[in-house]
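Down below is the structure, laid out as structure tokens.
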Amino acid sequence: MPRGAPSTPANAPAAAPDSGLSPVLLTRARLLAAEHAKLSDRLAEAFDAKVAKRAGEIAPVTTVLKEWESANESIAELKSLLEQPETDEELRSLAIEDLESSREALPTISDRLKKSLIPRHPFADLPCLVEIRPGAGGDEAGLFAFEMLRMYTSFCSRRGLRPTILKQDVEDGAAEDRLTEAVIEIEADGAYDIMRTESGVHRVQRVPATETKGRTHTSAVSVMVLPSFPESGSGLDSALNFEDPTSDYYIDPQEVRVEKMRAGGAGGQHVNKTESAIRLTHMPTGTVVSMQDERSQQANRRKAWQILRAKIAEARQEAREQELVQLRRGAMGGVARMGRGDKIRTYNYGQSRCTDHRSGITIHNLDGVLDGGDGLETVMESVRTWMADREVEAMVVEERAEK
Amino acid sequence: MPRIPTATLVRAYQENSLLPLLLKECRSLDSARNELRWLRERALRDSPSSSRLAPGARLGWRTRLRSMCRQRSQGVPLQYILGDQPFGDLEILCRRGVLIPRPETESYTYEAARLVRQMALEGGGNSTDPTSATRPLRILDLCTGTGCIALLLHALLAPHFKHMQIIGIDLSPIALNLARKNLDHNVRREALHRRARADIQFHRADVLGRKASSIPAVEEILSHYALKSGLADISVPAPRIDLLISNPPYISTSDFRNGTTARSVRLFEPRLALVPPVGFMGQDGDRSEDVFYRRILDLSLKVHAQVTVLECGDIMQADRVVEMHRTMTGGSRCNFNVEVWPTTEQDLAAHGFHPQDGSRCVIIHGGRDG
């Protein structure tokens, strides 16, 4: 398959492949390694699920830190060996070779260490829901929303993620390929982490099928990636267990108004209605979810709850992140973070390109992106790297501010 | 029935040529679209994907879909075309000759299960309490039809009760046959626990207890159970029942004909399950559509039912049943707590009931003899 070569634009943030690590990060890594050692000692005495979990989380930092330290040590040793005048020529040439390879390996190790220090997203291990809604642009936005739905379902199928369409609403009177809203469920654990690069506003520039004068239109489709909580929260730790009132993601059922479609006229045996629409309203936030796709009342109810929980959890997480940004803003010199309301990507048909505005990557093979293939994968990967870099930056700023 | 606006028909046609066929029964575009999707999914699912048949057989799904839509436009209920209806988490098979389960009945069944659990939790420690190991929880479902109520109750209550005995009664052999099929079908789908095969029994009996008929009355079936379970007191004609539940025929002959009953129901669903027999002599000037309730209330008193849940056609009928119960118990309401459900604004909205129109059920608590 032909694949557009990703170009690196001038304004892309530098990958910073320096072997040096900021002292702040290094201190943090050492602290975590010390904590890990302590936890391992405790685990040797008696097993504790909580301790084991924490130890497991920070184990990668410890491992990579060890690698980083041993690489630095060997560089120092080799250097001192070269400085000693009694070293013979044969050994000297070997040492030079070793020093070079060690120096080459160091940036990669530093990079891995940086990434291992990034706190995992609280929803990273969860399955997810992807909500697609047309924004500005009328019919054309609805048409493109349908194409995005296809893009993501085939992306998931290619990666063996088994997407299910939970909800697919079409515009009144319009053909089936004009969406008003769709929700895809991706049941695989960790799907949230894979898909979270996609949240935001996607812009399309093209001559719509409905356009008679050949003008290019710009319309927008908004995508939201939401965490999907397993039906029974019992398998999760209490922070994510939505049934636990102390959890951040708990929803008090008292605060949710449940309404089923209620028609007047005769009921019971007199009639035989086949629809079973349900609407949930989370009263404190005004979040509304309605569901009518299934024949089963129970299935509609479950799906509606699943989407409502996902929306509330994402909104609460977003609010928390926003708070952090407010705290950091002073230190970072007013650099705002990309929110879900920001334009994140442009699909330009005329130039057959796809540009992501966060990582700055441009792919010159639009079809390879829209069919959910390698093109899309490349774009998403570049955003993942971009996100990790932002996290590291923020971490450095934060730790400096604390001093 | 109001005419469908031409504009809606045109729009439906432009969207999909099959939609206008469905619009006849669905009356709204949203609902027609849903039905079209369900029918299409089924047509595709039933396609022989493994090509034991000639190549090209897979193309047959379009033809099949069109013929299903035609049937629907003639008023054939969707559930008879698809062959099933979801009921709770169960899949209830539907066949001509047996009433299709309704969403209201589903709500009543959930409410009944909730009450039974609540009762068991409150009555903890009592020797007759059904959570004890010695005495099973006993449920009697009269006019069981597809068996949907009996089966859903098992699905909902089996996790909480070690021993259960659910008896489903119907007059129609077609219904009993289908109810047994549904039991088997849902055990296979693992929507029901395997023990349901032992816990649930379906029997043929005449709920009205007409003397002339050769079919046994409900009491005969129950006394058989009393003997089998070796109850100490054989003089008690029937074992105690924890929950008596029923969705009996309750449509009056006039409501069946005057348009209150939907055409599709009238033409395709069994009259036996909808309209009580004409000419059955009720007592005390009961209306002919209410004759089942007096018999069932009488049974409920005989078996000391702890909870009785009776589906009714509308609020007026529910009120008549409440009044009937009051006179039958001699006005002594102290042992009973009788209510029409749902009544509160919240219950009505949450279960999709209209504030005035549509079905209701009567719930009777109590019947303790001391």
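These numbers come from the heavy atoms of this one structure, side chains and all, not from hydrogens, waters or symmetry mates. To find a chain, count down the sequence lines: A is the first, B the second, and so on, and within it residues start at 1. All values derive from a computational prediction rather than experimental measurement.
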So that I can tick it off, tell me whether B/Asp319 and B/Arg360 are bridged by a salt bridge, with the cut-off set at under 4.0 angstrom between side-chain N and carboxylate O. no

So A/Tyr249 and A/Phe229, would you call those rings parallel, tilted or perpendicular, with 30° and 60° as cut-offs? tilted

Where does A/Ser276 contact chain B at under 4.5 Å (heavy atoms): side chain, backbone, both or neither? neither

Find the one option among A/Arg295, A/Glu259, A/Gln297 whose heavy-atom pairs under 4.5 Å with chain B are most numerous. A/Arg295

Portion of B/Leu82 that has a non-hydrogen atom of chain A nearer than 4.5 angstrom: side chain

Measure up the B/Phe353 and B/Trp341 rings against each other and bin them: parallel (under 30°), tilted (30 to 60°), perpendicular (over 60°). perpendicular

B/Ser107 versus chain A, heavy atoms under 4.5 Å apart: side chain, backbone, both or neither? side chain

Under 4.5 Å from any heavy atom of chain A, what part of B/Pro355 do you find: side chain, backbone, both or neither? both

Which atoms of B/Leu274 are under 4.5 Å from chain A, going by heavy atoms: the side chain, the backbone, both sets, or neither? both

Between B/Asn247, B/Asp255, B/Val10, B/Leu348, which shows the greatest number of heavy-atom pairs under 4.5 Å with chain A? B/Asn247

Smallest separation among heavy atoms of A/Ala310 and A/Pro227, with atom names: CB-O, 2.9 Å

Looking at B/Glu15 and B/Arg33, is there a salt bridge between them, counting it only when a charged N and a carboxylate O are closer than 4.0 Å? yes

Taking A/Glu140 first and then A/Arg206, would you say they form a salt bridge - that is, a charged N and a carboxylate O separated by under 4.0 Å? yes

Chain A heavy atoms under 4.5 Å from B/Gln356: which part of the residue, side chain, backbone, both or neither? neither

Who among B/Glu104, B/Glu35, B/Glu106 has the most heavy-atom pairs with chain A under 4.5 Å? B/Glu106

Between B/Asp347 and chain A, which part of the residue has a heavy atom less than 4.5 Å away: side chain, backbone, both or neither? neither

What part of B/Tyr250 gets closer than 4.5 Å to chain A, counting heavy atoms only: side chain, backbone, both or neither? both

Contact part of B/Glu269 toward chain A, heavy-atom cut-off under 4.5 Å: side chain, backbone, both or neither? side chain

Inspect the contact between B/Arg114 and B/Glu111 and indicate whether a charged nitrogen and a carboxylate oxygen are less than 4.0 angstrom apart. yes

Is a side-chain donor-acceptor pair under 3.5 Å present for A/Glu147 with A/Tyr347? no

Proximal component of B/Arg266, with respect to chain A [non-hydrogen, under 4.5 Å]: neither

With a cut-off of 6.0 Å (strictly less than), are more than 12 heavy atoms of other residues, nucleotides or ligands near CD of B/Gln346? no

Shortest non-hydrogen pair, A/Asp293 vs A/Leu166, comes out as OD2-O, 3.6 Å

What part of A/Arg301 lies closer than 4.5 angstrom to a heavy atom of chain B: side chain, backbone, both or neither? side chain

Answer key: most heavy-atom pairs under 4.5 Å with chain B among A/Arg257, A/Gln269, A/Gln298 is A/Gln269

Side chain, backbone, both or neither: which part of B/Ala12 has a heavy atom under 4.5 Å from chain A? neither

With heavy-atom distances below 4.5 Å as the criterion, would you say the side chains of B/Glu91 and B/Asn186 are in contact? yes

Heavy-atom cut-off 4.5 Å, strictly under: side chain, backbone, both or neither for B/Asp314 against chain A? neither

Name the region of A/Glu294, side chain, backbone, both or neither, that has any atom closer than 4.5 Å to a heavy atom of chain B. backbone

